[in-house]
Amino acid sequence: MTSNPFGEFRVECYNAVKNAIVNLGFESSQVNIKFEIPPPSIDAHLAFPTFTFSRSFNISPKKIYDEILKFHFKLVDNVKLTAGYINFCVNIKRLADILFNSISKLDEQYGFIPAEKPMRIVVEHTSANPIHPLHIGAARNAVIGDTLARLLRARGHKVSTHFYIDDVGLQVSVAAYGFSKIKSFKLSMKPDHFIGLIYAITNCLLEIWKIKRDLDNAESDEMRIKLLSKLSEWVSIANELRERNEKLFDLLNEGVNSDPDPIRAVAELDLKYELGDESVKSLIREMCSMCIEGFKETLKKINVYHDSWDWESDIVWSSLVKKVLKGLRETSFVYEEAVPIFDANSAANKLGLKEKLGLNVNYEIPKLILQRSDGRSLYTTRDIAYTLWQFRNADKVIHVIGVEQSLAQLQLKVALAALGYTDLAENFIHYSYELVSLPGFKMSSRRGKYVDLDRILDEAVERAKMEVLKRNRNMDGELVDKISRMVGVGAVRYALISVSPNKKMVFTWDRILDFNRNSGPFIQYAHARACNILAKVEGAFSDYDSSMLEDELELDLVLIVSRFPEIVTEAADTLRIELITDYLYDVALKFNSFYDSVHVLKSKPIQLRNARLQLVNAVRIVLSNGLSLLGIDAPNRM
RNA sequence: GGGCCCGUAGCUCAGCAUGGAUAGAGCGCUGGCCUUCGGAGCCAGAGAACGUGGGUUCGAAUCCCACCGGGCCCGCCA
């Protein structure tokens with residue numbers, strides 16, 4: 001029994017070509033034996049382009065072809081030479097036998113071929129600041145990261161997903177400052193939304209306070225005019241925020257303005273937290289924990305889970321950051337001005353990293369400041385320490401982080417090598433993605449302007465529910481809700497990963513809530529249809545005859561379904577999750593065509609009907625397994 | 001000033017890593033398909049100077065160079 005049906009065919013073609021090359025008097029290592037999937041217009045299933053081989057060794061394609069024909073084939077039906085391609089046709093009926101046998105035994109495991117060398121892999125993702133709800137940008141991060149983790153697990157790797165809680169820094173201190181003013185205030189609201197509102201209001205009040213202070217000290221009219229325009233902008237934001245909750249706003253306003261210098265108070269909080277002051281620690285941890293509870297609730301709705309929640313402050317308070325600093329200072333790549341500076345460029349040059357990383361050798365990597373002049377730590381230095389910590393139980397570490405951090409992540413990588421961990425540097429991956437923007441305006445959590453994921457999910461599920469009800473008038477309410485959640489979440493997750501990560505994305509409801517073709521629900525629908533057919537069958541359908549499959553649509557399906565394992569393998573090994581969405585869409589499309597033109601249950605004789613049922617079952621398994629890789633549930637009905 | 005990313009049909013995107021056969025989809029648009037397993041569907045059609053100009057190659061959307069347009073980043077934010 002094979003776990004890779006199409007692979008059997010591929011191996012046979014490979015051996016045939018290799019054999020031919022050897023028989024022609026060459027070493028097989030002299031030729032790059034690479035196959036292509038021919039376009040649909042060509043009646044073949046794998047093609048070997050002879051151009052390179054034939055040109056560099058001056059052997060005609062015909063000669064290669066004749067040699068290949070001598071091979072004793074089992075799965076290959078015929079071989080043709082067309083326009084310089086050697087085209088192999090598989091015997092689909094035999095392939096179908098192999099497929100049905102394999103898939104019925106492997107079932108939920110079909111498609112997931114364990115890697116030869118399983119690795120321990122850390123995937124860090126989401127990692128949003130714990131001071132506001134997860135917004136659509138964080139959702140893209142979360143879904144990409146979670147899907148990567150699922151894919152890698154499917155390949156047998158031991159994956160651990162991490163959330164890096166960014167609780168150090170001024171933004172958190174601003175939120176905590178506000179939080180300290182209203183601790184007695186109770187609000188029946190999801191905790192991350194509550195903190196997000198506190199943060200936005202507090203930040204706004206502080207901005208206004210700062211502008212007013214600057215106005216008092218302004219030296220020119222020009223400056224005053226500039227400040228006044230800024231002031232009016234923030235005042236209008238203040239009005240909007242006050243409308244969201246007057247009582248909270250007024251309370252915070254009172255708190256901030258009773259302070260002689262709220263800006264200084266925030267800075268003090270910030271400093272004290274980094275030094276580990278107990279009362280500040282409990283304040284900030286309490287606030288962040290509330291926010292994180294909200295995150296977990298949201299992430300659970302969208303099938304995203306983290307194995308480890310790592311506090312950035314823990315890294316600061318431990319000796320790890322100091323160790324990194326000390327270690328880097330001991331290299332020849334750090335020099336001191338007012339602050340220690342890491343010369344990433346000369347490190348990369350000295351260690352020959354640029355070639356390895358595919359960077360232009362003339363590109364000068366900017367220097368990295370490792371520590372503030374007052375002795376406090378900086379983000380990237382902390383991240384170096386954190387990454388080393390992630391590596392203590394991992395062979396590979398993947399950071400899913402926005403593209404705007406590319407430079408910092410590169411400096412981090414170079415720093416790992418500079419510290420002597422060249423192997424870790426090579427196994428460190430910044431998986432970057434482009435940001436999601438809103439049409440018309442920029443998202444800004446500082447201004448309280450963002451589309452939060454909870455709202456998106458609510459909307460998606462609500463809309464899915466309308467669709468489900470339309471089709472299932474008598475369905476039990478609880479079941480309706482359950483299916484609506486699956487479908488709504490499926491639409492959102494699919495939308496977020498069906499576009500390459502390096503493409504910018506403009507958020508629109510239409511795009512995220514797409515239920516038509518090339519959407520999550522479309523795949524789910526094909527799956528439900530397959531289930532629906534199978535549910536109507538009584539007893540087993542093991543008495544089948546694959547050789548009776550004749551319709552082109554069903555032969556196409558056999559082919560594509562048999563390719564699932566190699567698609568998953570490639571997607572996992574190259575970290576390209578889009579391959580899975582593309583593939584599943586193709587399967588669903590082909591299945592729908594088949595469904596429309598071939599009536600499975602009425603097929604006669606019974607051996608043909610059963611062969612078709614085998615095929616439907618195979619499609620069902622592939623769609624279900626594929627969707628599970630994407631973190632999308634596959635309902636039987638919808 | 002330097003580095004990176006994006007530019008493919010009216011709109012949104014695949015394809016580019018590893019060059020190969022007639023550049024694929026979705027939305028929208030036109031016209032068909034419910035006596036058949038569920039129409040979130042199926043079939044057919046119109047719609048593309050692959051940003052521009054060079055180059056490499058038997059062959060370029062794909063590789064190289066220059067340019068144009070948009071975005072991100074570049075010493076004490078995260």
Counting only side-chain N and O atoms of [X], is one of them less than 4.0 Å from OP1 or OP2 of [N]?
| X | N | value |
| --- | --- | --- |
| A:S593 | B:C43 | yes |
| A:Y585 | B:G26 | yes |
| A:R529 | B:A40 | no |
| A:R372 | B:A78 | yes |
| A:R55 | B:G59 | no |
| A:R517 | B:A25 | no |

Exercise. Quick one: do the A:K354 and A:N349 side chains pair a donor with an acceptor below 3.5 Å?
Worked result: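 Note: A:K354 and A:N349 side chains meet the donor-acceptor criterion.
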Exercise. Any side-chain donor-acceptor pair under 3.5 Å between A:S173 and A:D270?
Worked result: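 Distance-only check passes for A:S173 and A:D270.
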Mind checking the [atom1] distance from [N] to [M]? Whole angstroms is fine.
| N | M | atom1 | answer |
| --- | --- | --- | --- |
| B:U62 | B:G7 | C1' | 15 Å |
| B:G70 | B:C76 | C1' | 31 Å |
| B:G19 | B:C58 | P | 15 Å |
| B:C42 | B:C5 | C1' | 39 Å |
| B:A46 | B:C34 | C1' | 26 Å |

Problem set entry | Pair of N/O donor and acceptor under 3.5 Å linking B:A40 base with A:R471 side chain |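 Answer is yes: a donor-acceptor pair is held.
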Exercise. Does the B:A40 base have a donor-acceptor partner in the side chain of A:D514 within less than 3.5 Å?
Worked result: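 Looking at the base of B:A40, it does not pair with any donor or acceptor on the side chain of A:D514 (distance under 3.5 Å).
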In terms of side-chain heavy atoms of [X], which of [options] is nearest?
| X | options | result |
| --- | --- | --- |
| A:K34 | B:A21, B:C37, B:U18 | B:U18 |
| A:Y595 | B:G3, B:C37, B:A14 | B:C37 |
| A:D582 | B:U18, B:A14, B:G26 | B:A14 |

Exercise. Any Lys/Arg nitrogen of A:R612 or A:D551 sitting under 4.0 Å from an Asp/Glu carboxylate oxygen of the other?
Worked result: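 A salt bridge is absent here (no side-chain N lies under 4.0 Å from a carboxylate O).
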Exercise. Does the distance from a Lys or Arg side-chain N to an Asp or Glu carboxylate O, for A:R471 and A:E467, drop under 4.0 Å?
Worked result: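 Answer for the salt bridge query: yes.
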Exercise. Could you write nucleotides 62-74 of chain B as a row of B, S and -, 5' to 3', where a protein heavy atom under 4.0 Å of any base atom gives B, of only sugar-phosphate atoms gives S, and otherwise -?
Worked result: --------BSSSS
